[in-house]
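Presented below is the structure to which this report refers.
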Amino acid sequence: MQNETYEPLRIEKKWQENWISQNKFLPKESEKVFSIVIPPPNVTGSLHMGHALEHSIIDVITRIKRFQGYKTLWLPGTDHAGIITQLLVEKNLEKDGISKYDLGRENFLNKVWDWKEESGNTITTQMKTLGMSCDWSRERFTMDEGLSEAVKKVFIELYEKGLVYKGSRMVNWDIKLQSAVSDLEVSSTNEKGKLWTIKYSVDDTFIEIATTRPETLLGDTAIAVNPNDERYKHLVGRKALVPIVNREVEIVADDYVDQDFGSGCVKITPAHDFNDYEIGIRHNLESIQCIGFDGNIVNEEFIPKELRGLERFEARKAIIKQLTDQNKLSNIEDYDLQIPRGDRSKTILEPMVSEQWFVKTKQLAEKAIQVVESEEIKFVPKNWEKTYFEWMYNIQDWCISRQQWWGHRIPAWYDNNGKIYVGLNEVEIRKSNKIDEDTILYQDEDVLDTWFSSALWPFSTLGWPDKTKDLEEFYPTSLLVTGFDIIFFWVARMIMMGMFSMESIPFKDILIHGLVRDSQGRKMSKSLGNTLDPLELSEKHGADALRLSLIEKANPGQDVPFDEEWTIASKKFGNKVWNAAKFVHLYSDEEFSEEVIEVNSPENIWILHTFNSTLTQFNESIENYKISDAYKLLYNILWSEQFDWYFEFAKTLISKSTHSKETKYVLRKIFLESLKLLNPAMPHLTEEIWSSFKKTYLIDEEWPVEISITDSESNQIEQLKELISQIRNFRTNYKISNKIILEIYITGNLPDWFLVQLQEIAKVKVINSKNSNSSSKIVFSALNISLEINAEEYIDIDFELTRLNKKINELEKSRNISEQRLQNVNFINNANQELIDKEKNNLENLTEEIELIKATIKNLTI
RNA sequence: GGGAGAUUAGCUCAGUCUGGCAGAGCACUUGCUCGACACGCAAGGGGUCACAAGUUCAAAUCUUGUAUCUCCCACCA
């Protein structure tokens with residue numbers, strides 16, 4: 001690699017293929033097990049920044065666990081994503097003017113499978129491009145045979161325990177999808193609307209009723225007032241006349257009504273409003289459907305002819321016109337309202353009463369709450385627990401049937417009398433229920449909510465319901481990494497289903513990551529045009545650079561602001577590491593031996609200590625899933641301590657000391673150990689570099705442990721660094737070229753190695769005597785070490801005096817604070833002794849430094 | 001209406017749990033072809049820690065309140 005430059009693309013593909021062909025991502029036998037299942041992306045989707053972030057986090061953790069000797073499984077797979085995929089295929093067919101009904105169910109499903117086969121590999125291929133270390137031999141799909149069996153099995157078990165039921169209830173109906181959707185799939189948006197006040201006749205007078213949806217009056221079956229409302233008390237029990245349909249309805253009293261809103265009277269349409277539905281039940285009201293499942297006004301006798309079949313919002317206009325004409329409209333005002341729209345279709349949802357399948361959630365939720373309360377399952381960060389509990393305590397039954405074709409068909413059959421049979425298949429059902437061939441059975445047309453199968457993912461992917469070895473070994477999984485947006489959709493339901501089917505938690509920790517945003521903190525969205533394509537970024541700067549740039553910002557729960565700049569910076573870091581490797585080769589290849597060598601020189605001892613403390617902090621951060629902290633630390637330590645300071649020290653040691661052999665050993669040792677820490681974030685680069693040093697695979701290595709050092713660390717290296725910086729600063733200020741060797745006077749005894757490094761790195765010549773001949777002296781000092789230089793030939797005295805005075809000012813400020821603190825009786829009495837000693841020491845140092853500078857000033861002004 | 005989070009350098013964020021002289025990266029300024037690296041090296045500039053009051057010898061950090069922003073959840077017709 002000595003003559004090569006860092007080209008990520010060249011090495012990345014090579015290693016991806018190599019690792020997979022050498023089975024490096026398969027779990028290796030060990031007592032300790034670490035398993036993680038991927039949050040399955042949509043099978044027809046392609047990778048976006050959110051995936052790239054999530055997968056990078058998972059891959060880093062997985063690779064670390066693999067290093068740490070765990071039997072490590074990262075199980076990949078995809079989700080059939082019922083509604084989205086079906087919509088996509090439908091849209092595609094539309095281009096050729098074909099509807100799904102033209103094809104029929106079976107042919108349409110064949111088309112979807114074709115589509116899945118065609119585009120299903122896109123996302124997994126893209127994951128491979130980013131170097132994700134999944135066990136591809138265990139890849140699963142929510143609609144593959146095994147998982148479909150699992151879905152049926154769970155449905156049947158739930159049904160048999162009475163936890164799944166079919167019922168006629170009010171649900172959110174999506175007119176475009178022609179399907180029910182669950183509460184979670186509804187997003188309320190603030191929109192401008194109107195509030196109409198309509199007069200309803202009561203005998204020869206009338207009452208006023210405000211509504212935002214006048215078309216529903218066709219289905220009104222009551223008027224409600226608050227029981228305490230003095231204005232209307234006398235009307236309760238009397239009849240009002242619904243305009244247009246001229247239906248007589250009762251005026252009822254119900255607490256739900258807010259006296260202070262509108263007129264204090266509410267029209268009640270049990271068939272088309274969630275609250276009205278409840279009131280309808282309380283008051284035993286008739287439920288009259290006036291809007292059909294197609295979104296049009298129903299074609300019924302009670303509806304005036306001219307309104308029948310009208311689209312719901314057209315009907316609204318027509319009704320407003322009729323009311324106006326009949327002088328029944330007393331007020332119209334602009335009104336901000338919450339409009340429920342379907343997440344997928346974006347159409348306005350219609351509450352409808354219909355027959356659907358539901359999961360009874362109360363009982364399932366209890367266990368799911370308990371395991372989080374007892375911290376068997378931990379949210380990271382912890383505060384997401386609250387969100388989880390909040391939802392769990394108020395959980396509603398889950399509507400799981402969808403009037404769609406693409407998905408797991410509900411394993412329920414009906415005979416001609418409408419009797420329900422639930423079972424694995426028709427044959428099975430006939431057998432167990434003793435139904436002869438003459439009786440015709442129909443399977444339920446509906447499919448299950450996609451999230452139903454996702455809820456089983458942690459165990460269905462491992463082979464359940466069979467008692468497989470994988471299931472036994474890898475369940476419960478160790479960790480779930482996911483976004484907060486699907487805590488309810490997915491996380492909560494996995495816990496419920498895990499507890500139900502496995503009687504055990506599905507995962508131990510839940511690491512919640514944030515959203516990838518743009519550099520200004522805005523959500524990435526197509527409409528804003530601020531999206532970035534992870535594959536494009538990886539092609540431009542390398543997968544390793546992309547991964548590191550995401551990882552560096554990914555602390556638990558935090559959003560990840562992102563800019564291509566970050567990836568470019570990571571690429572530069574990769575380049576730095578690449579060149580550092582070349583440096584290590586250049587300085588250590590010759591005369592290098594693998595044997596462990598005793599380390600004596602302070603510079604080497606220092607870098608080993610630095611490595612050890614970095615390792616400790618790094619491990620601690622990772623334990624707490626603070627991946628960002630860990631990698632930021634590594635980035636800084638490698639770049640500034642190892643590659644800058646230590647490499648300079650090493651040059652001197654190798655060429656100018658008797659520690660050459662030991663230094664070669666340390667130089668290579670800490671570099672290679674550091675590569676292991678970096679590997680999970682930048683696997684390709686580090687594997688490539690490793691292969692230039694060793695014949696083994698880096699991925700097969702063990703995680704570093706602290707390097708044992710007999711000597712304790714001294715602070716002399718820090719003093720040396722400080723002095724070098726000061727001398728460099730002096731050069732910069734006076735534009736003294738690096739080529740000029742400055743003469744430095746020193747008295748007292750500093751060790752030889754110290755002086756050698758000082759001379760080499762600061763480009764000075766040390767003269768070990770008192771400086772007697774000069775009037776203009778500059779003093780450099782670090783703690784108890786001070787050096788002098790004859791300065792008259794370089795310096796501008798005024799400039800230097802200004803600079804030194806400024807410095808004295810700063811130091812005196814600090815000294816004053818320190819003095820005041822020490823003179824403060826309360827401080828002395830209250831603070832602990834250690835702190836007081838530290839403060840005294842600090843004051844001493846400051847005083848000494850100030851004296852030195854004062855002496856320098858005196859010298860300069862003579 | 002209920003809940004969660006945020007506010008520290010131009011930008012993105014550490015630091016707050018456990019009080020003790022404000023940190024990093026990027027960006028910026030200046031100098032530098034010194035054999036790993038100009039995707040670099042070196043030296044710099046830059047902050048009333050949102051605001052207010054309190055506790056304390058001492059507050060970015062603890063307490064209370066205020067302001068602004070983000071995000072969830074919720075049926076006011």
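The chains referred to below are lettered A, B, ... by the order of the sequence lines, with proteins before strands, and numbering in each begins at 1.
For K582(A) and C37(B), a side-chain-to-base donor-acceptor distance below 3.5 Å is absent, hydrogens and geometry of angles not being considered. Put simply, the side chain of S814(A) and the base of C21(B) share a donor and an acceptor less than 3.5 Å apart. Checked by distance alone, N275(A) brings a side-chain donor or acceptor within 3.5 Å of a matching partner on the base of C75(B).
When the P atom is compared between U8(B) and G15(B), the two are found 14 Å apart, to the nearest whole Å. One P atom belongs to C17(B), the other to U64(B), and the distance between them is 14 Å to the nearest Å. Nucleotides U66(B) and A9(B) are separated by 26 Å at their C1' atoms, to the nearest Å.
Inspection of the N841(A) and D837(A) side chains reveals no N or O donor paired with an N or O acceptor under 3.5 Å. Checking Q823(A) against E819(A) by side-chain atom types alone, no donor-acceptor pair falls below 3.5 Å. At a cut-off of 3.5 Å, with distance as the only test, a side-chain donor of S674(A) or Q642(A) sits close to an acceptor on the other residue. A donor and an acceptor atom, one from each side chain of T269(A) and K267(A), are located under 3.5 Å apart.
Checking the phosphate oxygens (OP1, OP2) of A77(B), no side-chain nitrogen or oxygen of W196(A) falls inside 4.0 Å. Regarding contacts with the backbone of G44(B), a side-chain N or O of N729(A) is found under 4.0 angstrom from either OP1 or OP2. At the phosphate of G25(B), neither OP1 nor OP2 sits under 4.0 Å from any side-chain N or O atom of Y631(A). Not one side-chain nitrogen or oxygen of T5(A) sits closer than 4.0 Å to the OP1 or OP2 atom of C37(B). The shortest distance between the side-chain N/O atoms of K553(A) and the OP1/OP2 oxygens of G25(B) is not below 4.0 Å. Close to A4(B), at under 4.0 Å from its OP1 or OP2, lies a side-chain N or O of K386(A). Side-chain N/O atoms of K572(A) include none lying less than 4.0 angstrom from OP1 or OP2 on G25(B).
If you check every strand for non-hydrogen atoms under 4.0 Å, D258(A) touches a base. Residue contacts for W645(A): at a heavy-atom cut-off of 4.0 Å it reaches no nucleic acid atom on any strand shown. F647(A) comes within 4.0 angstrom of a base, heavy atoms only. Within 4.0 Å (heavy atoms only), Y6(A) reaches no atom of the nucleic acid at all. The residue A831(A) sits close to a base: some heavy atom pair falls under 4.0 Å. At a threshold of 4.0 angstrom between heavy atoms, the contacts of N636(A) are confined to the sugar-phosphate backbone, with no base atom among them.
When each of C57(B), G15(B), C37(B) is scored by its nearest atom to the side-chain atoms of N575(A), the top-ranked nucleotide is C37(B). Considering only side-chain atoms of R728(A), the nucleotide from A43(B), C75(B), G40(B) that sits closest is A43(B). In the set U12(B), A77(B), A36(B), the nucleotide with an atom closest to the side chain of V257(A) is A77(B). Here the nucleotide nearest the side chain of N842(A), chosen from C21(B), C57(B), C72(B), is C21(B).
C21(B) is unpaired under the criterion used here, namely a Watson-Crick or G-U wobble arrangement in which both key atom distances are under 3.5 Å.
Under the 30°/60° scheme for interplanar angles, the aromatic rings of Y794(A) and F730(A) are found to stand perpendicular.
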